[in-house]
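In what follows, every heavy atom counts, from backbone to side chain, and hydrogens, waters and symmetry copies are set aside.
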Amino acid sequence: MATESKSLETTKAAQTYISELSRHVGKEVVLKGWLYNLRSSGKIVFPQLRDGTGIVQGVALKNTVTPEVWEALQGLGQESSLIIRGTVRADERAPGGFEVDVVDAQVLQQVHDYPITPKEHGTEFLMDQRHLWLRSRRSHAVLKVRHTIVQAVRNFFDNDGFTLADAPILTPAACEGTTTLFEVDYFEGEKAYLTQSGQLYNEATAAAFGKAYCFGPTFRAEKSKTRRHLTEFWMVEPEMAYASLEDVMSLAERMLSNVAARVLADRAEELKVLERETSKLESIRIPFPRLHYDDAVKMLQEGHAAGALESRFEWGGDFGAPDESYISNRFNKPLMVHHYPASVKAFYMARDPERAELALGVDVLAPEGYGEVIGGGERATSLEFLKEQLALHKLPQEAFEWYLDLRRYGSVPHAGFGMGIERCTAWMCGIEHIRETIPFPRMLYRIRP
RNA sequence: UCCGCAGUAGCUCAAUGGUAGAGCAUUCGGCUGUUAACCGAAGGGUUGUAGGUUCGAGUCCUACCUGCGGAGCCA
């Protein structure tokens, strides 16, 4: 239910954004946005305007505005689009510190039935209304933090000598397992899949640029229904030629501490909206604790003996969610667990020369139960070893010939990692659900809106 | 795929097996400083679907549907 406004004359006026109001105190400005909330008290109304950069309260008195303006503001519903002309005034009573004394107002569209009210709502309902929920303070704050994380990550790599060289999204074969691929039926005589990692292509670009990274969407057809999973998520993957496991761990901790510092500096307001304890982010500083898989297993077995864990963890397995939480909760910083058994890691992982059963891999486990945010390691360099591994993992060698070429022509030690942007965002924001960290989440049982 | 939980007004939730209710939202009225404003009034329901038990089912039973949480797997 909506009524169109007839005259849009004032839309031509130069717009001031709410975030810039401090520079316009005492001056007249034109604000263009949407009604966040309206309160009225007889002969005074308080329209709260939202414009994407902030929220500000306007004040209109019946005897200081024209009858037309007064009438236009009466009974205006949430998210009505409108333009306000008024004078900026510093006011301690206002949440943002400023108010606007309304001189003129132009309603572009009156709205009366906006579905998201200022009261509580369930997640299912809000997710169905995601296209509108994005306008809320909370979504706005989370996505602003995401934006800053992406920006910080890219700046970090750009300033560290990395070249952005994106990996393809349509691929002919799996990078890791074949069970979690989305199949695309388009290329003649051949099946294609949506990428589940840019990893293998990064190894090619690292050999071309020395240090390269890709940043893009990733698809996993996992039947996972947890707060840590999306079927479509964004991943940043750096890869370095002439680099070791040690180099990758150092890169990961430098990047994460850099990102945390950026979020603290640029998104203080948003962290406040999200009621995030900033001390948790302040502790994300170099160096991060490092734990050998053997020692992690010992820690888990002691945990079981002390009654903190239900089942006794045996050497050789991969950690389950409760195991991860138990270990990472013993540290107040991100924890780097390295030297996993090769059997639980991907085929391209390099082996520990001293102990062939160990892979030179590392997982970075975020504190507070956020789990694995980074996975990476050193890659195998030997052509023969990789051929064996492909066979062992029952992967078709023809599909990987181009990859094997990287070992035929100038094979060097190299290493890299992948970080899930959404998991990182959920952690920095301190929110329960990863699905709030992406504008339009795709999950098992959710492809709309 | 497996285990557990839930579906009642637009939304969030109540309702011993006995007349289906409240707050918010909406509509109307009141209020010159409201902060999820407040006060008064009105409209709003095939209780997820289909069966069953019962004099009587929102409530008990069965199946299905939808969603949520977790496991496995992963970032």
Where do R138(A) and E436(A) land on the salt bridge (charged side-chain N to carboxylate O under 4.0 Å, His left out) test, with the steps shown first? CA-CA 9 Å; R138(A) 178 184 167 87; E436(A) 285 184 61; 2.7 Å; yes
Centroid separation F347(A) to F400(A) less than 6.0 Å: yes
Separation between CD1 of I434(A) and NE2 of H229(A), rounded to the nearest 0.5 Å: 8.0 Å
Hey, does R138(A) reach any base, or is it just sugar-phosphate, or nothing, if we go heavy atoms under 4.0 Å? nothing
Answer yes when R379(A) and E239(A) have at least one side-chain N-carboxylate O distance shorter than 4.0 Å, and no when they do not. yes
Between L38(A) and K43(A), the residue closer to the 5' end of RNA chain B by nearest nucleotide is K43(A)
Determine the interatomic distance between P on G58(B) and the same-named atom on U46(B); round to the nearest Å. 13 Å
Whole angstrom value for the distance that separates C1' of C74(B) from CZ of F219(A): 16 Å
Think R227(A) has a side-chain N or O under 4.0 angstrom from the OP1 or OP2 of A71(B)? no
For Y340(A), the ring-ring contact (aromatic ring centres under 6.0 Å, His included) test, sequence neighbours excluded, returns Y293(A), F319(A)
Under 4.0 Å between a side-chain N/O of H112(A) and OP1 or OP2 of U27(B), yes or no? yes
Between C68(B) atom C1' and M443(A) atom CE, what is the distance in whole Å? 10 Å
Within this structure, what is the CD1-to-P distance between I374(A) and A75(B), rounded to whole angstrom? 11 Å
Taken to the nearest whole Å, CG/D101(A) to C1'/G33(B) is 12 Å
Has Q301(A) got a side-chain atom pairing as donor or acceptor with F313(A)'s backbone, closer than 3.5 angstrom? yes
Watson-Crick or G-U pairs under 3.5 Å in RNA chain B, rendered as dot-bracket with [ ] for crossing pairs and | for another strand: (((((((..((((....[..)))).(((((.......))))).....(((((..]....))))))))))))....
Regarding R89(A) and the six-membered ring of F98(A), is the cationic atom NZ or CZ under 6.0 Å from the ring centre and inside 45° of its axis? no
Check whether any side-chain nitrogen or oxygen of R435(A) sits under 4.0 Å from OP1 or OP2 of G69(B), and answer yes or no. yes
Does some side-chain heavy atom of I18(A) sit less than 4.5 Å from a side-chain heavy atom of I55(A)? no
In whole angstroms, the gap separating P of G70(B) from CD1 of I434(A) amounts to 12 Å
Any donor-acceptor pair under 3.5 Å between the side chain of R423(A) and the base of C74(B)? yes
Does a side-chain N or O of R228(A) approach OP1 or OP2 of A71(B) to a distance below 4.0 Å, or not? yes
Close N/O contacts between protein and nucleotides 3-6 of chain B (under 3.5 Å):
none

Which of residues 140-158 of chain A have a heavy atom under 4.0 Å from RNA chain B? none
Dump every N/O contact between nucleotides 46-49 of chain B and the protein below 3.5 Å, one line per pair.
none

Do E28(A) and R85(A) sit within salt-bridge range, that is, some charged N less than 4.0 Å from a carboxylate O? yes
Can you check nucleotides 8-11 of chain B for protein contacts, nitrogen or oxygen pairs under 3.5 Å, and list what you find?
{"residue": "C11(B)", "atom": "O2'", "partner": "E120(A)", "partner atom": "O", "Å": "3.1"}
{"residue": "C11(B)", "atom": "O2'", "partner": "H121(A)", "partner atom": "ND1", "Å": "2.4"}

Atom pairs and distances, donor-acceptor, side-chain atoms in residues 249-256 of chain A, under 3.5 Å, two or more places apart:
{"residue": "E253(A)", "atom": "OE1", "partner": "F288(A)", "partner atom": "N", "Å": "2.8"}
{"residue": "E253(A)", "atom": "OE2", "partner": "R290(A)", "partner atom": "NH2", "Å": "3.0"}
{"residue": "R254(A)", "atom": "NH1", "partner": "D160(A)", "partner atom": "OD1", "Å": "3.3"}
{"residue": "R254(A)", "atom": "NH2", "partner": "D160(A)", "partner atom": "OD2", "Å": "3.2"}

Picking from G33(B), G69(B), C74(B), the nucleotide nearest the side-chain atoms of R89(A) would be G33(B)
When all nucleic acid strands are considered with a 4.0 Å heavy-atom cut-off, which category describes T123(A): base, sugar-phosphate, or nothing? nothing
Measure the shortest side-chain to side-chain distance between L31(A) and I83(A) over non-hydrogen atoms and say whether it is less than 4.5 angstrom. no
Would you indicate whether the side-chain heavy atoms of Y370(A) and C424(A) approach each other to under 4.5 Å? no
Rounding to the closest angstrom, what is the interatomic distance between U53(B) and C61(B) at atom P? 15 Å
Taking 4.0 angstrom as the limit, do R227(A) and E432(A) come out as a salt bridge? yes
Counting side-chain heavy atoms from C-beta on, which of C31(B), A75(B), G33(B) comes nearest to Q57(A)? G33(B)
Does the pair E422(A)/R146(A) count as a salt bridge with the N-to-O cut at 4.0 Å? yes
If I take atom CG in residue D363(A) and atom P in nucleotide C74(B), what distance separates them, rounded to the nearest angstrom? 10 Å
For M235(A), answer base if it contacts any base atom (sugar-phosphate contacts may also be present), sugar-phosphate if it contacts only those atoms, and nothing otherwise; contact means non-hydrogen atoms under 4.0 Å. sugar-phosphate
Thinking salt bridges, do K27(A) and E20(A) make one under a 4.0 Å N-O criterion? no
By ring-ring contact (aromatic ring centres under 6.0 Å, His included), H414(A) pairs with (sequence neighbours left out) none
Note: for H433(A) and E422(A) on RNA chain B, the residue whose nearest nucleotide lies more 5' is H433(A)
Only one of I149(A), V150(A), N155(A) passes side chain to side chain contact (heavy atoms under 4.5 Å, CB included) with V153(A); say which it is. I149(A)
Would you mind checking if R312(A) and E314(A) are paired as a salt bridge, meaning a charged N to carboxylate O distance below 4.0 Å? yes
Between E246(A) and H338(A), is there a side-chain heavy-atom distance shorter than 4.5 Å? no
Whole-Å distance separating the CD atom of E124(A) from the C1' atom of C13(B): 15 Å
Could you go over nucleotides 40-42 of chain B and give all protein N or O partners under 3.5 Å, atom names and distances?
none

Whole angstrom value for the distance that separates P of U26(B) from CD1 of I116(A): 14 Å
Short N-O contact, K211(A) and D247(A), less than 4.0 angstrom: no
Within residues 317-337 of chain A, the residues having a heavy atom closer than 4.0 Å to RNA chain B are D318(A), G320(A), A321(A)
Is the ring centre of F46(A) under 5.5 Å from the base ring centre of G33(B), and are the two planes under 30° apart, so that they stack? no
Looking only at the side chain of V59(A) (C-beta and beyond, no hydrogens), which of the listed nucleotides G69(B), G70(B), G33(B) gets closest? G33(B)
Counting only heavy atoms from other residues, nucleotides and ligands, does the tally under 6.0 Å from CZ of F182(A) exceed 12? yes
Contacts under 3.5 angstrom, residues 62-69 of chain A side chains, donor-acceptor by atom type, not counting sequence neighbours:
{"residue": "T64(A)", "atom": "OG1", "partner": "L61(A)", "partner atom": "O", "Å": "3.1"}
{"residue": "T66(A)", "atom": "OG1", "partner": "V69(A)", "partner atom": "N", "Å": "3.2"}

For T148(A), give me all partners under side chain to side chain contact (heavy atoms under 4.5 Å, CB included), at least two apart in sequence or on another chain. R262(A), V263(A), D266(A), R267(A)
